[in-house]
A.B. asks: 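I have a structure here, written as structure tokens, and I will follow up with some questions on it.
In this text, all values refer to a predicted model and were calculated from it rather than measured experimentally. Heavy atoms only: backbone and side chains are in, while hydrogens, waters and symmetry mates are out. One-based numbering along the sequence shown.
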Amino acid sequence: DHSRGRKAVAEGFAMKSKRPWYFGDYGSDLSDLARMVTLTHRFKMTKPEYDARILALARDTKAELNNIKPYERWMWLSTQDQIALAALGKALIADSDARVAGSLSVGGNAETIAPESIWSRGFDATALRQGVRFNPVGKPPLYALIDVAGVPSSAPAPDDKRISIVRTYYTTDGKQWKGGVLKEGDTLIVGLMIESREKVPDALIVDLLPAGVEVENFNLGDAKQWADIVVDGITLTDRSSAAEVKHEEFRDDRYVAALSLDKGSKAHVFYLVRAVTPGTYNVPPPLVQDMYRPEIRGIGKSTPSSIKVIQP
């Protein structure tokens, strides 16, 4: 029923209502619209006004991103948003006969770029210092996207407006460790306390380790050794009841846990680290965020800000 089908599609694009604060389907206004436009291209139902909605949304998104610190901008797009935008880009390219060509100059060297539907190139810091210029040739409109990636020179500032995360170190007898010198082989218990200002059913903790220490899995050791150890009022053998952990991973350079957070309640998770390599190392801050609404996040403090490991 093409007539009523096209009418339904038009009504869908005309809707002005915003999503509820949380649908639970891992989507967003951005991914909804991107998938809608992708479907119109796939089934040959596209209209200029539908594609124009994407340009308007892109401008709004860019305006929001301009108010965010550069190292935080990646956090505003969930995996689902990125997949929806990638599918949309593929659909737009497949339906377009537009081509872009031109000349690329890096320093004093120039090369001709043959016509392509999409063209990209990466440049390191050395090339950028020499000067990079691209002179496009093609029928307008042409669109350019510039991504800058790098490692920030300083750690992000603490942010507990929506979710609070606090990291505390303890010795294996349950006493708080406030910093100092570790010897190779020394073990510490890392405790993370998370408190959310709102319900976050899909929270993800990413706790990066300082170089010089390795994470260990509590579950691989003898549980009896933790039977009498109490950390922050929690017996380590009962730690599973201190947070609703859905999944956790003990990676080479970080501890990762997915958990559900209730508004106003505190969750506690614990893991072990062992000092393995002598040296002095900066300690990254802990991070927690909603996996599907990454603007909901919390960044903790690094206390202590560095650790020192020595040979025994």
Side-chain angles (χ1 to χ4, degrees), residues 19-32 72 74-84 156 158-170 188-209 213-223 225-227 229-274 284-301:
R19 271 176 159 263
W21 74 274
Y22 188 63
F23 241 176
D25 65 345
Y26 316 130
S28 66
D29 290 327
L30 176 65
S31 61
D32 286 351
E72 294 178 342
W74 66 272
M75 304 172 78
W76 286 85
L77 293 179
S78 69
T79 303
Q80 284 67 26
D81 289 337
Q82 295 177 50
I83 292 172
D159 182 357
D160 63 356
K161 291 189 294 293
R162 305 188 75 168
I163 309 177
S164 169
I165 181 169
V166 178
R167 181 203 292 132
T168 308
Y169 295 97
Y170 302 91
L188 292 176
I189 300 168
V190 183
L192 296 171
M193 190 280 289
I194 307 96
E195 183 177 5
S196 180
R197 318 296 183 218
E198 56 195 279
K199 184 174 178 59
V200 181
D202 300 295
L204 181 72
I205 296 172
V206 180
D207 200 23
L208 298 174
L209 303 178
V213 303
E214 291 183 350
V215 66
E216 295 195 356
N217 190 337
F218 263 119
N219 302 320
L220 298 182
D222 185 358
Q225 66 179 311
W226 310 114
I229 306 300
V230 178
V231 174
D232 200 16
I234 300 168
T235 303
L236 289 183
T237 50
D238 298 328
R239 64 187 181 278
S240 61
S241 61
E244 189 179 344
V245 177
K246 299 178 179 179
H247 177 76
E248 62 181 348
E249 296 182 11
F250 305 90
R251 301 185 182 178
D252 291 340
D253 65 344
R254 68 195 66 189
Y255 168 78
V256 179
L259 66 162
S260 178
L261 300 175
D262 289 326
K263 180 180 179 180
S265 63
K266 296 181 180 180
H268 297 261
V269 295
F270 304 93
Y271 65 94
L272 288 173
V273 293
R274 185 180 300 276
L287 168 70
V288 57
Q289 69 176 43
D290 189 308
M291 284 187 278
Y292 306 110
R293 297 171 295 164
E295 69 276 10
I296 300 176
R297 65 193 187 279
I299 302 173
K301 295 181 180 180

A.B. asks: Can you measure from CG (L261) to CD1 (I194) and round to the nearest 0.5 angstrom?
C.D. replies: 6.5 Å
A.B. asks: In terms of the angle between their ring planes, are F250 and Y255 parallel, tilted or perpendicular, with boundaries placed at 30° and 60°?
C.D. replies: tilted
A.B. asks: For the backbone of H268 and the side chain of R239, can you confirm whether one donor and one acceptor N or O come within less than 3.5 Å of each other?
C.D. replies: no
A.B. asks: In Å and rounded to the nearest 0.5 Å, what is the CG to CG distance from D207 to L192?
C.D. replies: 4.5 Å
A.B. asks: How close do K301 and R167 get, heavy atom to heavy atom, and via which atoms?
C.D. replies: O-NH1, 4.3 Å
A.B. asks: Return the CG to CZ distance between L208 and R254, rounded to the nearest 0.5 Å.
C.D. replies: 5.0 Å
A.B. asks: When rounded to the nearest 0.5 angstrom, what distance separates CD1 in I299 from CZ in R162?
C.D. replies: 13.0 Å
A.B. asks: At what distance, to the nearest 0.5 angstrom, does CD1 of I296 lie from CG of D202?
C.D. replies: 10.5 Å
A.B. asks: Do you know which two heavy atoms are closest between P201 and R293, and how far apart they sit?
C.D. replies: CD-NH2, 4.1 Å
A.B. asks: Of the non-hydrogen atoms in L209 and E214, which two are nearest, and what is the gap between them?
C.D. replies: CD1-C, 4.1 Å
A.B. asks: Closest approach of M291 and A203, non-hydrogen atoms and distance?
C.D. replies: CE-O, 4.1 Å
A.B. asks: Give the intermediate values and the outcome of side chain to side chain contact (heavy atoms under 4.5 Å, CB included) for residues I165 and I163.
C.D. replies: CA-CA 7 Å; I165 181 169; I163 309 177; 5.6 Å; no
A.B. asks: Yes or no on side chain to side chain contact (heavy atoms under 4.5 Å, CB included) for T168 and M193, after CA distance, side-chain angles and deciding distance?
C.D. replies: CA-CA 8 Å; T168 308; M193 190 280 289; over 6 Å; no
A.B. asks: Side-chain contact test, heavy atoms from C-beta onward, threshold under 4.5 Å: evaluate it for P156 versus P285 and give yes or no.
C.D. replies: yes
A.B. asks: Quick one, I229 and Y170 - any side-chain contact, counting heavy atoms below 4.5 Å?
C.D. replies: no
A.B. asks: So does G264 get a backbone contact from the side chain of D262, meaning a donor-acceptor N/O pair under 3.5 Å?
C.D. replies: no
A.B. asks: May I have the step-by-step check of side chain to side chain contact (heavy atoms under 4.5 Å, CB included) for V190 and V215, ending in yes or no?
C.D. replies: CA-CA 10 Å; V190 183; V215 66; over 6 Å; no
A.B. asks: Taking all non-hydrogen atoms of both residues, which atom of F270 and which atom of G191 are closest, and how far apart?
C.D. replies: CD2-CA, 3.7 Å
A.B. asks: Atom OH in Y292, atom CG in D81: separation rounded to 0.5 Å?
C.D. replies: 12.0 Å
A.B. asks: Kindly indicate whether the side chain of D160, heavy atoms from C-beta on, has any atom under 4.5 Å from the side chain of V166.
C.D. replies: no
A.B. asks: Indicate the atoms forming the closest heavy-atom contact of S164 with R197, along with that distance.
C.D. replies: CB-NH2, 3.6 Å
A.B. asks: Keeping the roles fixed (side chain from S196, backbone from K199), state whether a donor-acceptor pair exists under 3.5 Å.
C.D. replies: no
A.B. asks: Checking side chain to side chain contact (heavy atoms under 4.5 Å, CB included) for the pair L272/I189: CA distance, chi angles, key distance, verdict?
C.D. replies: CA-CA 5 Å; L272 288 173; I189 300 168; 3.7 Å; yes
A.B. asks: Is there side-chain contact between K246 and L259, with heavy atoms separated by less than 4.5 Å?
C.D. replies: no
A.B. asks: Can you check whether D238's main-chain N or O pairs, donor with acceptor, with T235's side chain at less than 3.5 Å?
C.D. replies: no
